[in-house]
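For reference, the structure discussed in these notes is given below.
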Amino acid sequence: MDAPRKKYIIGNWKMNFTPGEASLYLNKLSTRIQPTRKVQVVLAPSIVSLQSLSLQVNRRQFKLATQNFYWRDYGAFTGEVALTQLRGFVGYAIIGHSERRYLFNETEKDIAQKVAAAIRNGITPVLCIGETALERKDGETSAAIYSQLTSGLHEVSKEDIDKVIIAYEPVWAISSNKNAKPATPIDIVEAEHFIRKHIAKLYGKEASEAISILYGGSVNKNTAAGYLEIEGIDGLLIGGASLIADQFCAIVEIAKGVKDERQY
Ligand code: PGA
């Protein structure tokens with residue numbers, strides 16, 4: 001029988017924790033979260049902590065992700081960090097997060113280049129897409145998702161699509177935004193279906209069924225089960241709640257308990 005489909009629980013620590021604090025926090029998580037093949041737990045600390053945490057982490061228990069990088073592999077780019085420099089530390093890279101798109105003006109082209117750089121460097125890109133509150137209000141949710149999906153995957157070939165993870169993160173649901181409210185399962189199912197439909201058009205049905213799609217936006221231990229039980233949702237990208245051990249560990253436990261009947 002096929003192995004059960006994997007769930008991903010990704011903690012995006014954003015710009016929080018000094019390296020010392022990050023190390024203590026990792027230690028705390030590692031005493032409370034037991035490794036399992038069913039749930040891949042990924043931690044995304046700030047870049048400054050990646051090297052030390054990569055020496056500390058038990059890679060059977062947790063993988064590390066970078067929250068950012070520059071897409072070129074080396075060169076005269078003052079202040080930037082390349083994936084060739086991070087490759088030994090991380091297995092995943094968060095790309096296209098709305099905070100990078102809207103606070104740091106990352107363009108669709110930057111994001112496509114980053115996805116390509118991740119694949120080139122053997123790192124799993126977690127491509128974040130999602131509409132803003134205004135786009136939703138104006139009935140442009142599908143158009144926004146479509147545009148971010150197709151442009152983000154612009155450089156990805158048919159052979160490489162199985163290396164990509166998609167995270168649906170409606171911007172209005174992210175806890176750091178004013179008046180944030182979590183998406184409902186109906187919102188998420190709609191987006192998930194839409195994303196798979198377009199992956200099928202671009203890469204074929206098999207790829208669309210196989211690709212992992214996560215949800216992110218104001219997830220906490222009280223809401224995680226409802227999201228993880230949605231057929232077609234393969235995990236969660238968690239910001240605020242990933243900084244609180246009780247919350248994060250509880251969410252991982254919930255993910256371990258969720259049954260997924262899908263065969264692919
Ligand atoms: P949140 O953040 O869980 O705090 O809403 C999610 C994210 O920004 O990825």
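Note that the structure is a prediction, hence the values are computed from the model and not measured. Counting starts at 1 for both ligands and their atoms, in listed order.
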- Task: Name all residues meeting the side chain to side chain contact (heavy atoms under 4.5 Å, CB included) criterion together with L243; count only those two or more places apart in sequence or in a different chain, and write none if there are none.
- Result: W13, N16, F17
- Looking only at protein heavy atoms, what sits closest to atom 1 (P) of ligand 1 is S175 OG, 3.4 Å
- Between D73 and R120, does a salt bridge (Lys or Arg N to Asp or Glu O under 4.0 Å) hold up when you go through it step by step? CA-CA 10 Å; D73 286 341; R120 182 168 75 239; 3.0 Å; yes
- Query: Going by the order shown, which atoms of ligand 1 are within less than 4.0 Å of some heavy atom of I174?
  - Reply: 2 (O), 5 (O), 8 (O)
- atom 3 (O) of ligand 1: which protein heavy atom is closest, and how many Å away? G239 N, 2.8 Å
- Message: As an exercise, identify every atom of ligand 1 less than 4.0 angstrom from a heavy atom of K14.
- Response: 2 (O), 7 (C), 8 (O)
- Residues passing the side chain to side chain contact (heavy atoms under 4.5 Å, CB included) test with S151, sequence neighbours excluded, are E108
- Message: Are there over 12 heavy-atom neighbours, none belonging to I186, within less than 6.0 Å of that residue's CD1?
- Response: no
- Is atom CD of E206 surrounded by more than 12 heavy atoms (other residues, nucleotides or ligands) closer than 6.0 Å? no
- Message: Within ligand 1, which atoms have a heavy atom of H97 less than 4.0 Å away?
- Response: 7 (C), 8 (O), 9 (O)
- Side chains of Q85 and Y70: donor-acceptor distance under 3.5 Å anywhere? no
- Task: Heavy-atom contacts with G240 under 4.0 Å: which atoms of ligand 1 show up? List them by number with element.
- Result: 1 (P), 3 (O), 4 (O)
- Item | Atom indices of ligand 1 within 4.0 angstrom of E169 heavy atoms, with elements | 6 (C), 7 (C), 9 (O)
- Item | ligand 1 contact by A241, heavy-atom criterion under 4.0 angstrom | no
- Message: Using a 4.0 Å cut-off to any heavy atom of G217, which atoms of ligand 1 qualify?
- Response: 5 (O)
- Task: Determine, using heavy atoms of S218 and all atoms of ligand 1, whether some pair is separated by less than 4.0 Å.
- Result: yes
- Task: Apply the test side chain to side chain contact (heavy atoms under 4.5 Å, CB included) to residues K14 and S176: give CA-CA distance (whole Å), side-chain angles for both, the deciding distance (0.1 Å), then the verdict.
- Result: CA-CA 11 Å; K14 305 194 179 179; S176 53; 4.2 Å; yes
